[in-house]
Amino acid sequence: MLIGPSLYAFEGIPSALKWQDVEKVLAATRQDCTPTGIRDYAVWMLLSRYGLRSREIRTLRLDDINWDKETIRIHHTKTGATSYLPLLPEVGEAILAYLEKVRPRVSHREIFIRQIAPRRPFKTIYWVVRRRLDAAGVVTSGRRGSHALRHARAVKLLSAKVPLKQIGDVLGHQHSGSTMIYLKLATDGLRRIALDIPMEVTA
């Protein structure tokens with residue numbers, strides 16, 4: 001009989017970027033006024049402020065933003081759920097700058113379009129994330145794609161004492177157990193700030 005190694009809940013989740021590194025990348029990217037820089041800054045703002053998945057960024061469409069009501073509609077690709085979130089002013093400004101100044105004139109309704117031919121929606125945003133990490137001199141030990149920012153955002157919300165249910169709503173989780181995995185990432189921070197975590201969360 002073969003005996004495998006013990007596996008523990010939440011053991012294999014990827015490490016998050018430190019929030020100061022996220023802000024460092026945002027500051028560096030904002031200074032890049034090229035078309036690519038303006039686009040990448042808008043992408044990073046969405047990733048860092050909402051913790052969106054890669055595909056949720058890639059499939060975000062022009063009519064998903066309601067400028068009058070200041071809301072953004074997110075279609076959560078993993079769960080199929082739809083969220084309506086407040087359009088944060090700094091995020092709206094970044095997207096508007098991209099749309100008005102550098103977005104190619106194409107018939108595609110997706111917001112983010114390649115700057116070079118063929119001018120079509122992104123198939124991946126991995127290189128948008130990795131290129132900006134490298135440019136800012138940020139070295140990571142874990143994942144370097146968009147999911148690292150998703151975890152960083154969750155940890156940031158936890159340290160700000162945001163209730164677990166609200167964090168799950170932002171991330172598009174349908175069950176509290178999906179959100180609980182982020183607790184491991186914030187263990188040290190939670191000890192420092194003595195964050196009260198509810199023992200039970202109802203949907």
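- Here the side chain of R103 pairs a donor or acceptor atom with the backbone of I111 at under 3.5 angstrom.
- Looking at S83 and H76, their side chains come closer than 4.5 Å, going by heavy atoms from C-beta outward.
- No donor-acceptor pair closer than 3.5 Å links the side chain of D32 to the backbone N or O of T29.
- Between the CD1 atom of I116 and the CZ atom of R120 there is a distance of 10.0 Å, given to the nearest 0.5 Å.
- By the neighbour-count criterion of 12 heavy atoms within 6.0 Å, atom CZ of R30 is sparsely surrounded, having that number or fewer from other residues, nucleotides or ligands.
- The two atoms that bring A136 and A28 nearest to each other are CB-CB, 4.2 Å, heavy atoms only.
- To the nearest 0.5 angstrom, T34 atom OG1 is 8.5 Å from R39 atom CZ.
- No side-chain donor-acceptor contact under 3.5 Å links R130 to the backbone of L133.
- Partners of E23 under the salt bridge (Lys or Arg N to Asp or Glu O under 4.0 Å) rule, at least two apart in sequence or in another chain, are R49.
- Note that CG of D40 and CD of Q115 are 9.0 Å apart. Values are rounded to the nearest 0.5 Å.
- For the pair V138 and K24, the minimum side-chain heavy-atom distance is below 4.5 Å.
- Clustering ILVMFWY residues whenever any of their side-chain heavy atoms sit less than 4.5 angstrom apart, transitively, puts I65 in the very cluster that holds L62.
- Between K101 atom NZ and C33 atom SG the span is 7.5 Å, to the nearest 0.5 Å.
- A salt bridge does not link R109 with D63: every distance from a Lys NZ or Arg NE/NH1/NH2 to an Asp or Glu carboxylate oxygen is 4.0 Å or more.
- A heavy-atom distance below 4.5 Å is found between the side chains of L87 and W67.
- Between E56 and H75, the side chains place no donor N or O within less than 3.5 Å of an acceptor N or O (distance only, hydrogens not considered).
- With Y98 as the partner, the ring-ring contact (aromatic ring centres under 6.0 Å, His included) test is satisfied by one option alone out of F112, W44, Y41: F112.
- The closest side-chain heavy-atom distance from I72 to V91 is not below 4.5 Å.
- Counting only heavy atoms from C-beta outward, the side chains of T82 and R73 approach each other to under 4.5 Å.
- Rounding to the nearest 0.5 angstrom, the gap separating the CG atom in L88 from the CG atom in L46 is 9.5 Å.
- Within 6.0 Å of atom CZ in R55, 12 or fewer heavy atoms from other residues, nucleotides or ligands are found, so the atom counts as exposed in its surroundings.
- Checking side-chain atoms of T124 against main-chain N and O of Y126 turns up a donor-acceptor pair under 3.5 Å.
- Closest approach of S48 and V22 over heavy atoms only: CB-CG1, 3.7 Å.
- Annotation for I125 and S54: closest pair CG1-OG, 3.4 Å, computed over non-hydrogen atoms.
- Taking the side chain as every heavy atom from C-beta outward, I113 and P121 approach each other to under 4.5 Å.
- A heavy-atom distance below 4.5 Å is not found between the side chains of V128 and L47.
- Within the 4.5 Å cutoff, side-chain heavy atoms of L85 are placed close to those of I74.
- In this structure, CZ on R132 lies 11.0 Å from CG on L26, to the nearest 0.5 angstrom.
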